[in-house]
Participant: 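Sharing a structure here in structure tokens format.
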Amino acid sequence: MRWPRVALGAFVALGIVELVGFFVSSRRKPDFADWAALIGPVAEERKQGELVVVAPSWGEPLARQALGDEIFPLRDVARPDVSRYRTALEISALGETSPELSGFREIGRREVGPFVIRRLENPSPAAVVFDFVDGLGPTQASVHTTSPEALCPWTTNARVLAGGLGGHPTFPAARFECPGGPFFSIGPTVIADQDFRPRRCLFAHPPARGEVVTRFSGVPLGNVIRGHGGMYWIIERERKGAPVALAVRVDGEEIGRWEHRDGDGWAAFEMPLGAHAGKKSATVEFFVSSKNHAHRHFCFEADTR
């Protein structure tokens with residue numbers, strides 16, 4: 001009866017080899033060819049406008065290089081959070097999953113080489129009625145300062161300025177220009193937060209005195225105004241500056257006030273709209289100020305939902 005024992009031993013050994021091989025391959029760091037091989041499968045799996053997330057996060061630049069801006073548009077890469085997305089595709093390597101999507105439930109998966117592509121569903125996606133970053137522009141928005149009282153004109157051909165690594169975020173060509181120079185302009189940009197993650201927001205450096213006011217007209221409202229605010233990562237980590245105050249008024253009534261302190265990071269705020277909820281057209285104003293404006297490179301985003 002020696003042969004059955006030998007056969008059994010060989011079968012067990014083969015199983016162990018396959019198991020070890022699977023473990024080794026699943027922990028193998030993907031190379032550039034592996035990322036490039038995702039082009040077809042991701043194009044097949046991704047639905048129009050669907051968020052794509054990479055786990056671990058350090059793999060995202062490699063995925064973006066291989067898959068391009070169509071799969072990774074700026075507004076998704078520099079998202080404030082994932083609350084508005086109904087579904088997401090997660091590209092998982094090395095067995096990792098994204099903490100950002102921990103509340104989503106898996107509804108499908110596909111293995112491609114060293115990757116697992118999972119489709120995940122948000123159990124309670126937010127219905128965004130109006131996005132204030134998207135809405136910034138001369139059609140619905142205006143900007144002014146209160147001390148001194150001055151209008152900040154809109155331009156589309158301002159000088160683009162970028163601070164580089166460790167410097168200020170990029171000031172775009174299209175922005176509202178307030179007294180004091182480009183650091184006091186109001187415009188959409190992308191900051192690197194305390195974890196060096198990109199965040200798309202409205203740069204709104206407080207003035208030396210008074211407030212800078214960004215006013216939106218004809219805004220359809222949901223039930224709340226929700227958003228985030230933060231500073232560029234170097235400033236957040238230094239924790240040396242004065243707090244920045246953000247007040248929100250709807251049709252002249254203050255509905256809430258929020259304060260950002262260095263070290264808070266990319267932090268969320270939410271203000272119930274009360275009697276203003278559901279209005280088809282309202283004026284919404286954001287007031288930004290600080291007791292000491294030095295190095296207050298504040299940036300915020302908001303929507304109504």
Side-chain angles (χ1 to χ4, degrees), residues 74-75 78 80 130-163 167-191 199-221 225 227-232 235 241-260 269 271 281-304:
L74 178 62
R75 64 176 292 116
F130 185 85
D131 186 301
F132 292 98
V133 179
D134 290 342
L136 189 81
T139 302
Q140 280 189 276
S142 64
V143 177
H144 69 275
T145 58
T146 62
S147 181
E149 291 187 6
L151 288 174
C152 303
W154 172 260
T155 181
T156 57
N157 60 359
R159 182 185 176 192
V160 177
L161 296 171
H168 61 78
T170 299
F171 303 143
R175 64 195 193 221
F176 290 96
E177 292 200 299
C178 296
F183 275 87
F184 299 94
S185 62
I186 304 293
T189 190
V190 175
I191 66 168
R199 303 295 186 181
R200 180 171 171 260
C201 49
L202 298 179
F203 190 79
H205 196 300
R209 298 182 301 279
E211 300 164 308
V212 60
V213 183
T214 305
R215 174 182 293 152
F216 294 84
S217 60
V219 177
L221 298 177
I225 287 179
H228 297 77
M231 301 274 190
Y232 199 62
I235 295 173
V244 175
L246 173 69
V248 181
R249 295 181 190 174
V250 177
D251 289 341
E253 178 188 356
E254 185 171 304
I255 64 162
R257 184 173 289 266
W258 178 79
E259 189 174 77
H260 178 274
F269 61 85
M271 301 174 185
S281 179
T283 297
V284 179
E285 297 170 295
F286 296 89
F287 294 75
V288 176
S289 63
S290 179
K291 292 181 179 178
N292 184 344
H293 78 296
H295 305 297
R296 301 293 77 206
H297 298 183
F298 180 67
C299 204
F300 76 94
E301 68 81 30
D303 62 50
T304 179

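The residues of the chain are indexed from 1 along the displayed sequence.
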Participant: Can you give me the closest heavy-atom contact between Leu136 and Ile186, atom names plus distance?
Facilitator: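 Looking at all heavy atoms of both residues, the closest pair is CD2-O, 4.0 Å.
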Participant: Look at the aromatic rings of Phe171 and His168 and report parallel, tilted or perpendicular, splitting at 30° and 60°.
Facilitator: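 The arrangement is parallel - the two ring planes meet at less than 30°.
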Participant: Determine, step by step, whether Val250 and Ile225 satisfy the side-chain contact (heavy atoms from CB on, under 4.5 Å) criterion, reporting the C-alpha distance in whole Å, the side-chain angles of both residues, the deciding distance to 0.1 Å, and the verdict.
Facilitator: CA-CA 10 Å; Val250 177; Ile225 287 179; 4.2 Å; yes
Participant: Between Ile191 and Cys201, does a side-chain contact (heavy atoms from CB on, under 4.5 Å) hold up when you go through it step by step?
Facilitator: CA-CA 8 Å; Ile191 66 168; Cys201 49; 4.0 Å; yes
Participant: For His295, does the NE2 atom sit with more than 12 other heavy atoms under 6.0 Å from it, leaving out its own atoms?
Facilitator: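 Result for NE2/His295: open.
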Participant: Quick check against the 3.5 Å criterion: does Arg296 have a side-chain atom that pairs as donor or acceptor with the backbone of Ala242?
Facilitator: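 Such a contact is found between Arg296 side chain and Ala242 backbone.
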Participant: Within this structure, what is the NE2-CZ distance for the pair His144 and Phe176, rounded to the nearest 0.5 Å?
Facilitator: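 Between His144 NE2 and Phe176 CZ, I get 12.0 Å after rounding to 0.5 Å.
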Participant: For the residue pair Phe183 and His297, is the inter-centroid distance of their aromatic rings smaller than 6.0 Å?
Facilitator: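 That pair passes the under 6.0 Å test.
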Participant: Distance-only, no hydrogens or angles: does the Arg199 side chain make a donor-acceptor pair with backbone N or O of Pro80 under 3.5 Å?
Facilitator: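 Present.
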Participant: Using atom types as modelled and distance alone, determine if a side-chain donor or acceptor of Glu254 lies under 3.5 Å from a backbone N or O of Arg249.
Facilitator: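 Judged by distance alone, no pair lies under 3.5 Å.
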Participant: Could you check if a side-chain atom of Cys299 sits within less than 4.5 angstrom of a side-chain atom of Arg200, using non-hydrogen atoms only?
Facilitator: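 Answer no - side chains too far apart.
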Participant: With heavy-atom distances below 4.5 Å as the criterion, would you say the side chains of Ser142 and Leu151 are in contact?
Facilitator: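 A side-chain contact under 4.5 Å is absent here.
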Participant: Taking all non-hydrogen atoms of both residues, which atom of Val160 and which atom of Pro172 are closest, and how far apart?
Facilitator: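 Nearest pair, atom of Val160 first, then Pro172: CG2-C, 4.2 Å.
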Participant: Decide whether Ser290 and Asn292 meet the rule of one side-chain donor and one side-chain acceptor closer than 3.5 Å.
Facilitator: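 On atom types as modelled, these side chains do not qualify, holding no pair under 3.5 Å.
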Participant: May I ask you to check whether Phe269 and Phe300 place their ring centres under 6.0 Å from each other?
Facilitator: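 Centroid separation for Phe300 and Phe269: 6.0 Å or greater.
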Participant: Can you confirm whether Phe132 sits close enough to Val219 that some side-chain heavy atom of one is under 4.5 Å from a side-chain heavy atom of the other?
Facilitator: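 Yes. Closest side-chain heavy atoms under 4.5 Å.
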Participant: Of the options His205, Lys291, Met231, which is the one that meets Val244 in a side chain to side chain contact (heavy atoms under 4.5 Å, CB included)?
Facilitator: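 Considering His205, Lys291, Met231, a side chain to side chain contact (heavy atoms under 4.5 Å, CB included) with Val244 is found only for Met231.
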Participant: Compare all side-chain heavy atoms of Cys152 with those of Thr145 and state whether any distance is below 4.5 angstrom.
Facilitator: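 Yes; the side chains approach each other to less than 4.5 Å.
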Participant: Distance from Ile255 atom CD1 to Leu221 atom CG, nearest 0.5 Å?
Facilitator: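 Spacing of CD1 (Ile255) from CG (Leu221) equals 8.5 Å.
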Participant: Set out, in order, the CA-CA distance, both residues' side-chain angles and the distance that settles side-chain contact (heavy atoms from CB on, under 4.5 Å) for Thr283 and Arg215, then state yes or no.
Facilitator: CA-CA 7 Å; Thr283 297; Arg215 174 182 293 152; 3.7 Å; yes
Participant: Glu301 and Val133: which non-hydrogen atoms are nearest, and at how many Å?
Facilitator: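 So the minimum-distance heavy-atom pair works out to CB-CG2, 3.7 Å.
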Participant: Taking 4.0 angstrom as the limit, do Arg175 and Glu177 come out as a salt bridge?
Facilitator: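 Looking at Glu177 together with Arg175, the answer is yes, because their closest N to O distance falls below 4.0 Å.
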Participant: Are the side chains of Asp134 and Arg75 in contact, using a 4.5 Å heavy-atom criterion?
Facilitator: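 Arg75 reaches Asp134 side chain to side chain.
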Participant: In terms of ring plane angle, is the pair His260 and Phe298 parallel, tilted or perpendicular, where the classes change at 30° and 60°?
Facilitator: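 The rings of His260 and Phe298 sit tilted, inter-plane angle from 30° to 60°.
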Participant: Give the minimum heavy-atom separation between Thr170 and Thr189, together with the two atoms involved.
Facilitator: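 Looking at all heavy atoms of both residues, the closest pair is O-OG1, 2.6 Å.
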Participant: Heavy atoms only: give me the nearest Val288-Pro207 pair and the separation to one decimal.
Facilitator: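 In terms of heavy atoms, the two residues are closest at O-CD, 3.9 Å.
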Participant: Could you pull out the closest heavy-atom pair between Phe130 and Gly135, with the gap in Å?
Facilitator: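 Reported closest heavy-atom pair: CZ-CA, 4.0 Å.
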